[in-house]
Each structure stands twice: as C-alpha cells, then as structure tokens.
Amino acid sequence: MKTGIEDLAWLGGKRMFERVRPIGQLGLPNPDRFFALARRLYDDGDDCLVAMLEERLAAFHGTRYCVACGNASLALVMVMALLAEGRHGQVIMPSFTYPGLPHLAQWAGQMPLFCDIDPRTHTLDPEAVATLLSDQVTAILGVHHVNSPCRIDELQALADRAGVPLFFDSVHAFGCTYRGLPIGRFGRAEVFSLHATKLLNGFEGGYVTTADGALAQALRDGIRPPGAASAIGTGGLQRLSGVHAAAALAGLDDIDAVIGRNRERVEAYRAHFQGLPGLSWLPYDDASERFNYEFALLEVGEEWLLGRDPTVAIMRAENALARPYYAPPLHLSPHCPPNMAPPSLPVTEALSKRFIQMPVGELVSLDDIAALAELFHFIHHSADAILHRAAR
Amino acid sequence: MIKAVLDDLAIFGGCPVFEPGLAPATRELPPWDEFAASFSGIFERRHFTNHGPLVRQLDARMASVAGTRHAVCVINAEVALMVAVKALDLTGDIVVPALAPDWIFDALRWAGLTPVPCDVDPCTLTVAADAAEACLTEATSAILGLHLWGNPCDLQDLRALCRRRGLPLIVDLSQVIGGGSRVAGGDVNLVACHRDGLLSAGEGGCLATDDDALADCIRTVRNFHVSESFVQVPLRINGKMTEAQAALMLGALANLDHAVATRRRYCDAWRMRASTWTGLVDRGSQFCVLEVDAVAAGLSRDLLLRLFHAENIGAHPPFGVGPTGAFPIADRRRRALIQLPIGAATLPSQADAMIALVEFCLTHAGAIVHRLANEAMA
C-alpha cells in the first residue's frame with residue numbers, strides 16, 4: 001500500500017508485484033489431457049494430432065474446413081498470397097492493430113493500404129474502405145476486435161460489388177459471435193491464433209477456417225511463393241507441430257471456464273475503478289453477441305490528470321505490465337514501409353492515444369485487480385505531486 | 001521375414017516386411033520420462049513461448065554444436081532461411097546448388113530472391129567454387145552452399161570466392177552437424193530440423209553466425225516484439241520457436257553424439273554391402289542414400305521406391321521436383337537417388353531386413369521387371 005510518492009517503484013520504491021502481472025491469457029493446457037495426447041505423438045506421429053485439432057476447431061466454429069498452420073502470421077501470409085493470384089497489389093487493412101500485418105502483406109508480395117476505423121467498433125470503417133478500393137487492391141483484411149467484430153455485412157457487400165476478396169484476422173474473436181453466429185465462418189477465410197497469450201494455448205500456432213474447399217486444399221497442398229510460377233509450394237509455412245496441437249486440444253474443453261474467469265476480471269476492474277475521474281472501460285456492450293472478455297481496456301480521458309503514458313510507466317515499474325493499446329498506430333510507426341507516405345487516419349490517431357491494455361489472464365487474480373485499483377486511487381490523490389516530480 | 005521367391009514381395013501380394021505402424025522410424029523423440037519432466041517444468045514456469053529459458057538454452061547449445069558465437073532458433077527451417085535473407089538484407093539473385101531440397105528454393109522465393117541453380121560436381125554432388133563463379137552475375141547477392149549426408153562441401157574455395165566478390169555465404173549445415181569437424185563456414189549457417197533428418201525430434205530451424213551485428217538482425221527479424229527489436233531491418237516475421245519445440249530439440253541434442261555414431265555404424269555397414277552390389281552406390285556417411293544406375297542394377301530408382309513402399313518402408317527421393325532448367329548432373333542424380341529411413345531409432349533387425357530386401361531385388365531384378373510388365377499388359 002503506497003503512502004507517499006516515494007513508495008512508487010517508478011521513484012525507487014518497492015514493487016507491488018514480485019511476480020510479473022502480464023497482459024496475455026497464458027492459460028494452462030490441462031496436463032493430464034496433454035500427456036495422454038502427447039503419447040499419440042510417440043505412437044502415431046504429428047499428423048493425427050493435427051488432424052484431430054482441425055476437426056474439433058471446424059466443429060467449434062461451425063465451418064466446413066479448418067487448416068492448421070505454424071502460426072497465425074504465416075497463415076495470414078499464405079492467405080494473402082493465395083488471394084492475390086500471382087499479382088503484386090495492395091491489401092486494405094487497419095492501422096489500429098497488430099504490428100505484424102504490414103510486414104505479412106509484404107511477405108505475400110503485397111503492400112499494406114492503411115484504412116481508418118469506426119470509432120465505436122474500432123474495426124474497418126466501410127465508408128473509408130470504399131474510398132480506397134481500386135484495381136490495385138488484391139484483398140480486404142478486416143480485423144475483429146475484442147469489443148466488437150467487424151461490420152461484416154457492409155464489408156462483404158462492398159467486397160462483392162468490387163470483386164475483391166474479403167478475409168479476416170480473427171485472433172481476438174475466438175469464441176465470439178456476429179449476429180449470433182460464431183466468428184470463423186465469414187469472408188473467404190478467417191485466421192486464428194494458438195499463441196499462448198490467446199484464449200486457446202497451443203504454445204504457438206494458427207489456423208484458417210473457410211467454407212471454400214479449393215482454398216482449404218490449396219493451403220494443404222502448399223502455397224507457392226509470390227511471383228514464382230515455377231515454384232513448388234512445399235507447405236513449409238503451413239505445418240503445425242504435433243506437440244502444439246496436443247496442447248491446444250488439451251485446452252479446448254476449458255474454453256467456457258476461461259471466458260467465465262475473463263468476464264470476472266473485467267467486472268472486477270469495472271467495480272473497483274468506479275469513482276476515478278477521467279477513467280472508463282471499453283464496454284462489451286452488445287447483449288445479443290457473445291464475447292470472450294479477453295482484454296480489459298481502460299480509456300483515459302482528459303480528467304485523468306496524469307495522462308495515459310505516465311500511468312503506464314508507473315504500472316510497469318510495479319511489475320504490472322500494462323501497455324498502451326495499439327500505440328503508436330502502425331502508419332506512424334517503424335512498421336510502416338519506409339517508402340510509403342503515411343495517410344491521415346484521424347479516428348485511428350485519436351483512439352491510439354486513449355487506451356491502456358490492463359493486466360489480465362490466468363496469472364492475474366481478482367486480488368491483483370483490487371490492488372491495482374488501490375494504486376490508481378493513490379495516483380489520483382497524488383497526481384499533482386507526481387506531475388511536479390516528473391517535471392523535475 | 002526373408003523373401004525367397006518373387007511371390008513373397010508385397011508388390012506381388014506377399015506379406016510386407018513391416019507392419020504399417022512398425023515401419024523403421026527416423027523420428028528420434030526423447031525418452032518418455034524426459035519428455036514428461038520437460039513439459040511439467042514448462043507448465044510450472046508458465047513460460048510457453050516468447051524467448052523462454054529453454055529456447056535460450058537451446059540457442060547456447062546450438063552455438064556450441066555449430067562452433068559459432070551465436071545461434072538463434074526459429075520455428076522451422078523454411079522460416080529460418082527467410083529470416084536469414086532479410087537479416088542479410090539480400091535482394092536479386094542467389095546461387096544455389098541445383099541438387100538441393102525443394103523447400104530451399106521455395107524459402108528463397110518467399111524471401112524475394114531469385115534462385116540461380118548451379119550444377120554440381122559429379123563426385124561430391126555439391127557445388128564447386130569455379131562452377132559457382134561461372135553462375136555469378138551483377139544481380140547476385142549471395143551464394144548458398146549445402147553439405148550433403150555427412151559429406152562436407154568445398155567450403156574453403158567457396159568462402160574465398162565470396163570474399164573476392166564481396167558476397168555473403170549461407171551454408172546449410174543440417175546434414176553434417178555433430179560430425180565433429182568444423183563445418184560452419186558461412187557468414188550465416190543454417191541447421192534445418194525436419195522429421196527425417198538429424199535432430200528430428202521436432203520441427204525447428206537454427207541460424208548460427210559469428211557476426212554480432214548479424215545476430216542482432218536475425219533476432220529482430222524473427223519477431224515483432226518491442227523488447228526484441230535491436231536494429232533496423234527490412235522486414236520482420238513471427239518466426240519464434242516455442243519452449244515445447246526447444247524441449248524436444250534439447251532432448252535430441254543430448255543424444256546427438258550417440259545418434260551420429262549409430263547412424264555412422266549403419267551407414268558403414270550399408271557401404272560395405274553396397275560395394276558388392278551392381279548398380280547401387282552408397283552416398284552418405286550419416287544418411288543412407290543410394291544412387292541407382294538403372295542399367296547396371298536392372299531396375300530403376302522409381303521401381304525400387306515402389307517395391308519399398310509396398311513393404312511399408314518409407315524410402316523417398318531426397319530431392320523433390322527441383323528447379324526448372326537443364327542441369328545434367330543434378331537432374332540425373334535427382335532421378336537416381338533414394339534415401340532410406342535409417343536413423344538412430346532404427347533397430348538392427350530393421351536395418352538388416354532392408355539390406356536383405358535390396359539384395360533380393362537386385363538378384364531378381366530382371367524377373368521383377370518382366371513380371372510387372374506382364375501384369376501391366378494383362
């Protein structure tokens with residue numbers, strides 16, 4: 001319990017948390033189930049475990065096909081290369097998202113075309129997408145966020161009219177719905193992650209869900225690298241390790257419980273942070289949809305005197321590894337291709353100044369959240385002193 | 001199960017030498033107790049990926065095995081080669097042995113390079129420096145050398161050539177590590193861990209280098225994390241290896257010397273027997289690779305493959321489709337080579353059974369071909 005500002009770890013005081021409080025799910029695969037499955041690795045090899053996982057995930061998402069991949073980034077590269085059909089063009093994508101996306105487009109022989117977002121959903125703004133469509137565009141990549149899926153129907157209508165394929169980065173929408181239907185069945189394809197920080201922990205891994213049999217088969221056969229008609233397509237990017245499949249399988253039955261605990265954390269944050277001026281929580285507010293409550297996203301307004309970035313710095317010093325949410329936005333970051341003039345994306349730029357990703361996941365307890373709330377109350381009461389000290 | 005007459009061959013309806021599930025395996029997983037202990041440790045630490053302790057340990061061990069200052073482990077071999085190309089910031093062409101696995105050509109193309117295949121020396125089946133030099137153009141940005149089956153390629157001259165021309169040398173060490181001799185002669189060295197190679201416990205790739213700055217580039221290219229961003233690089237990817245992969249690889253490394261000794265023993269035995277065979281030449285010192293002279297042997301490589309597959313033996317061509325273009329030596333060898341599933345996990349009885357099968361097929365080559373031709377016409 002901090003009594004004076006010298007107690008802040010940021011000023012040399014003792015850290016609140018001995019053990020790091022991270023921002024990822026970091027769920028534990030059920031060990032008994034994992035070891036039982038891993039025996040199959042010894043008896044039968046990798047392929048049967050991967051096939052088992054693909055079958056269960058296809059059922060989970062309600063899609064006909066599911067193809068497992070080494071990780072979600074490699075899956076995105078392969079889908080973009082496939083959809084480009086040998087052309088070098090542009091992929092429309094948001095800037096308010098995972099730093100890998102502009103790189104992955106380039107691996108697929110495409111350039112990123114950054115697009116502004118809807119201020120409520122944080123996903124691609126269909127009107128902005130419409131202004132960017134041209135015959136240079138080889139795909140539209142929508143990213144679903146924890147608080148809302150993309151405006152799928154509108155994007156699909158645009159894509160259909162323009163004859164451009166639409167697909168999704170659905171890494172944060174595992175277990176979520178759009179119009180009551182599970183995410184995973186929209187667009188030409190959807191890409192999910194099995195990274196340990198995501199809801200389903202396969203150490204690392206990814207998979208593509210699709211209703212398009214030809215696309216699924218092409219992924220299985222091995223995608224050719226861009227611009228190389230003579231290339232074989234050996235499927236090297238596409239393999240998922242059997243031991244990773246075993247871990248993911250060992251966690252699949254626990255998803256509802258995981259989501260339940262995520263929801264408890266989100267509700268604890270909301271309850272404990274009440275009364276602090278300038279702070280609010282990005283809501284999971286559509287009662288007709290399912291959410292996974294993966295993130296607790298704190299919005300920092302003008303009334304919070306300390307500001308977003310110093311607040312993050314104070315928390316990180318205490319070993320609570322919060323971080324700014326999608327800041328800086330990709331078009332203004334080193335992830336923007338060097339020779340590309342960054343566009344003006346006012347909604348993205350404004351939103352990237354406002355949110356903090358708070359510590360969540362299986363390594364963050366409800367007591368930890370209460371302790372963080374105490375820290376924030378302390379910061380609120382000592383804001384002037386802290387600001388004064390920071391200015392020195 | 002010894003074959004005595006043609007009817008005993010599985011291709012003619014006889015009983016296969018191996019049950020499908022009990023075929024010779026090359027995958028060398030660690031003993032189950034070690035596996036269970038490693039993974040219990042991982043679960044206790046809750047560190048699954050993102051540059052964990054086992055990956056760091058593996059990096060150190062691989063540097064020691066490769067004989068370099070640095071080693072950086074990556075999700076798999078293809079991505080490792082892609083990472084190496086971006087870490088070296090290469091564009092344009094790269095000279096590659098025409099006799100190289102398909103995945104190498106693909107990985108180089110994913111990384112934006114145009115592979116320029118170079119025909120190989122008929123004795124070593126690797127690229128000689130003067131042949132590589134003849135392939136160089138203004139667009140060449142690097143040369144890739146490949147050690148095969150335990151036989152090192154002509155590194156000294158290749159290195160000298162690269163130095164003269166100011167070109168980086170990438171060397172694929174996958175098939176010679178653990179041999180004891182210093183084979184890591186490239187600016188960056190690649191170790192590919194596939195299911196049928198050395199260190200076959202799982203998928204993985206490793207980039208080994210003595211160059212500190214290059215090591216920083218490699219570490220930066222293979223992930224998107226702020227905390228693992230050391231230098232400016234042209235492009236990045238998620239190429240991280242996990243604690244699970246590292247646990248399997250560490251287990252395989254602990255067994256490497258024994259695995260290499262076992263392989264060499266098998267390969268020596270094959271070489272001795274092969275010296276009595278007509279039309280089959282043994283090529284590998286750590287891998288069992290035969291070169292089939294169809295005329296002298298009386299049967300082709302492809303027929304031998306069919307015969308083996310019918311017996312549930314997973315023999316395969318070590319090189320796939322290969323690059324387009326005419327490379328007389330490489331192309332002929334590609335069609336003539338067969339790799340047998342002999343590894344440290346193979347049992348002596350399985351190795352003996354495979355030798356017996358080869359000898360039976362050679363002895364009865366004419367009759368086999370004749371009978372298959374008759375059956376095809378019927």
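Please read all numbers here as calculations on a predicted model, not as lab measurements.
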Next item on the list: May I ask you to decide if the ring planes of F34(A) and F35(B) are parallel, tilted or perpendicular, using 30° and 60° as cut-offs?
Entry: parallel

Check: Do the side chains of P30(B) and Y42(A) get nearer than 4.5 Å, heavy atoms only?
Finding: yes

Margin query: Counting C-beta onward and ignoring hydrogens, is there a side-chain heavy-atom pair between F39(B) and P31(A) closer than 4.5 Å?
Written below: no

Note to self: side-chain contact (heavy atoms from CB on, under 4.5 Å) for V79(B) and L74(A)? Distances and angles first, verdict last.
What the structure shows: CA-CA 9 Å; V79(B) 174; L74(A) 298 175; 3.9 Å; yes

For the pair [X] (side chain) and [Y] (backbone), establish whether a donor and an acceptor sit closer than 3.5 Å, ignoring hydrogens and angles.
X: H103(A); Y: L235(B); result: no
X: W107(A); Y: R236(B); result: yes
X: N71(A); Y: G239(B); result: no

Item checked: Working for side-chain contact (heavy atoms from CB on, under 4.5 Å), residues T197(A) and F48(B) -> CA-CA 9 Å; T197(A) 54; F48(B) 301 96; over 6 Å; no

What part of [X] is in contact with chain A, defined as an atom under 4.5 angstrom from a non-hydrogen atom: side chain, backbone, both or neither?
X: M241(B); value: neither
X: P31(B); value: backbone
X: I42(B); value: side chain
X: A247(B); value: neither

Check: Distance from I75(B) atom CD1 to S241(A) atom OG, nearest 0.5 Å?
Finding: 6.5 Å

Next item on the list: Heavy-atom distances under 4.5 Å only: say whether A38(A) touches chain B with side chain, backbone, both or neither.
Entry: both

Next item on the list: Tell me, for L28(A) versus chain B, whether the close heavy atoms (under 4.5 Å) come from the side chain, the backbone, both or neither.
Entry: both

Next item on the list: Begin with the C-alpha distance, continue with both residues' side-chain angles, and end with the deciding distance and a verdict on side-chain contact (heavy atoms from CB on, under 4.5 Å) for Q245(B) and E204(A).
Entry: CA-CA 10 Å; Q245(B) 289 176 281; E204(A) 294 251 3; 5.9 Å; no

Checklist line | chain B contacts, top residue of N201(A), D44(A), D46(A) (heavy-atom pairs, under 4.5 Å) | finding: D46(A)

Check: Among P99(A), G100(A), S73(A), which has the most heavy-atom pairs under 4.5 Å with chain B?
Finding: G100(A)

Next item on the list: Mark yes when over 12 heavy atoms from residues, nucleotides or ligands other than R334(B) sit less than 6.0 Å from its CZ; otherwise mark no.
Entry: yes

Next item on the list: Could you have a look at F43(B), F224(B), W110(B), W103(B) and say which one has the most heavy-atom pairs with chain A under 4.5 angstrom?
Entry: W110(B)

Notebook entry, point to check: Taking T114(B), N50(B), N223(B) one by one, which has the highest count of heavy-atom pairs under 4.5 Å against chain A?
Noted result: N50(B)

Check: So which residues of residues 225-234 of chain B are in contact with chain A at a heavy-atom cut-off of under 4.5 Å?
Finding: none

If every non-hydrogen atom of [X] is compared with every non-hydrogen atom of [Y], which pair is closest and at what distance?
X: L41(A); Y: L29(B); value: O-CD1, 3.9 Å
X: G27(A); Y: R46(B); value: C-NH1, 4.1 Å
X: P225(A); Y: D106(B); value: CG-O, 3.5 Å

Margin query: For T49(B) and H195(A), which I'm curious about, is there any donor-acceptor pair between the side chains at under 3.5 Å?
Written below: no

Check: Under 4.0 Å between a Lys/Arg side-chain N and an Asp/Glu carboxylate O for E78(B) and R239(A)?
Finding: yes

